[in-house]
Protein chains: 2
Amino acid sequence: MTKKKSDAPICALDYAFRRIGGKHKARILWYIYQQNNVLRYGELKKMVQNITSKMLTQTLRELEEDNLLNRKVYPVVPPKVEYSLTETGKELIPFIEHIGAWGRAQMEKEKVENKKKDE
Amino acid sequence: MTKKKSDAPICALDYAFRRIGGKHKARILWYIYQQNNVLRYGELKKMVQNITSKMLTQTLRELEEDNLLNRKVYPVVPPKVEYSLTETGKELIPFIEHIGAWGRAQMEKEKVENKKKDE
DNA sequence: CGGTATCCAAGAAGATACTG
DNA sequence: CAGTATCTTCTTGGATACCG
């Protein structure tokens, strides 16, 4: 029976993390989702503070390539480009909420522990 | 009403991803969980193929520092060190399974699409 | 507005050798 | 067995300038 059951999810883990594990990727998906699934380049730039154009563009291109984001270019002057989640991208939202909730809970715990130490 | 609800999960996302977003972290937690929550250093080394001692040690130390792993040293010769998930670490398993399942589904989809292209 | 292109610095990670 | 130490390489990402 070659217990391959445990191998499969592991490769899949790598696959998944390569797609959303990047420094800003999960946040970008989340921001777009929060804003009714449409954000322009400049809006994202403001929301993901301290990111450079280069990095933002690069990250967006990767997300697009992985079919998590749609990129829509309006042929107007000045240029207008909108990013939105694909169906595949939307599938990741529950997971992002899950891990975000865990992170928030952990942060709370740490805060409580630090308070204890102060006393 | 200062819609702060959307800010909180975002910071938490960064917090969470810094803890498990590393190249091998989720996999290590998963491996340990799969093996009845105990794995020795050498066993991990074999399972996480191509990882160097340096990287493995470093990754394990970070996981320990973030309170996701317990490190138990047995005072014997030759040395024996066991790693196991903490309660906090165990909390991450459902999430890891979730994202792993997504990744596996995506891989399947891609395979199907590639077959179509071949035809 | 929404990017590119180029250069450069800092950090992550690999190779190798060694140890209690 | 379970690491550490050192050196080197390789990859990321930042700064800056410029473009359609």
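Protein chains get the first letters and strands the later ones, always in sequence-line order, with residue 1 at the start of each.
Along DNA chain D, the nucleotide closest to B/Y83 and the one closest to A/M55 are compared, and the more 5′ of them pairs with B/Y83.
Computed from coordinates, the A/H24 NE2 to D/dG13 C1' distance equals 9 Å when rounded to whole Å. Between A/I51 atom CD1 and C/dG2 atom C1' there is a gap of 14 Å when expressed in whole angstrom units. Atom OH of B/Y74 is separated from atom C1' of D/dG3 by 18 Å (rounded to the nearest Å). Here the P atom of nucleotide C/dT4 and the NZ atom of A/K45 are 13 Å apart, to the nearest Å. As rounded to whole Å, 11 Å separates atom P of C/dC1 from atom CD of A/E43. Computed from coordinates, the B/K72 NZ to D/dA2 C1' distance equals 17 Å when rounded to whole Å. A straight line from CG of A/L56 to P of C/dG3 spans 8 Å, rounded to a whole angstrom. Rounded to whole Å, the distance from CD on B/Q58 to C1' on D/dT4 is 13 Å.
B/K23 has no side-chain polar atom (N or O) that falls below the 4.0 Å cut-off from OP1 or OP2 of D/dT12. Here A/R40 does not reach the OP1 or OP2 of C/dC1: none of its side-chain N or O atoms lies under 4.0 Å away.
For A/P78, the listed nucleotide lying nearest its side chain is C/dC1; candidates were C/dC1, C/dG3, D/dG14. The side chain of B/R71 sits closest to D/dA2 out of D/dG14, C/dA13, D/dA2. The side chain of B/R61 sits closest to D/dG3 out of C/dG14, C/dG2, D/dG3.
Screening A/L29, A/I32, A/L68, A/N37 for a side chain to side chain contact (heavy atoms under 4.5 Å, CB included) with A/K90, the sole residue that qualifies is A/N37.
A cation-pi arrangement is present between A/R19 and A/Y15 under the rule of less than 6.0 angstrom and at most 45 degrees off the ring axis.
Taking both residues in full, the closest heavy atoms of A/K45 and A/S53 are given as NZ-OG, 3.4 Å, listed atom of the first, atom of the second, then distance. B/L60 approaches B/L69 most closely through the heavy-atom pair CD2-CD1, 3.6 Å.
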Between N or O atoms, less than 3.5 Å apart, protein on one side and nucleotides 15-20 of chain D on the other: list the pairs.
none

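Between A/E62 and A/K25 a salt bridge is recorded (basic side-chain N to carboxylate O distance below 4.0 Å). The pair A/K46-A/E43 does not count as a salt bridge, with every side-chain nitrogen at least 4.0 angstrom from each carboxylate oxygen. Residues B/E91 and A/K109 are paired through a salt bridge, judged by an N-O separation under 4.0 Å between the basic side chain and the carboxylate.
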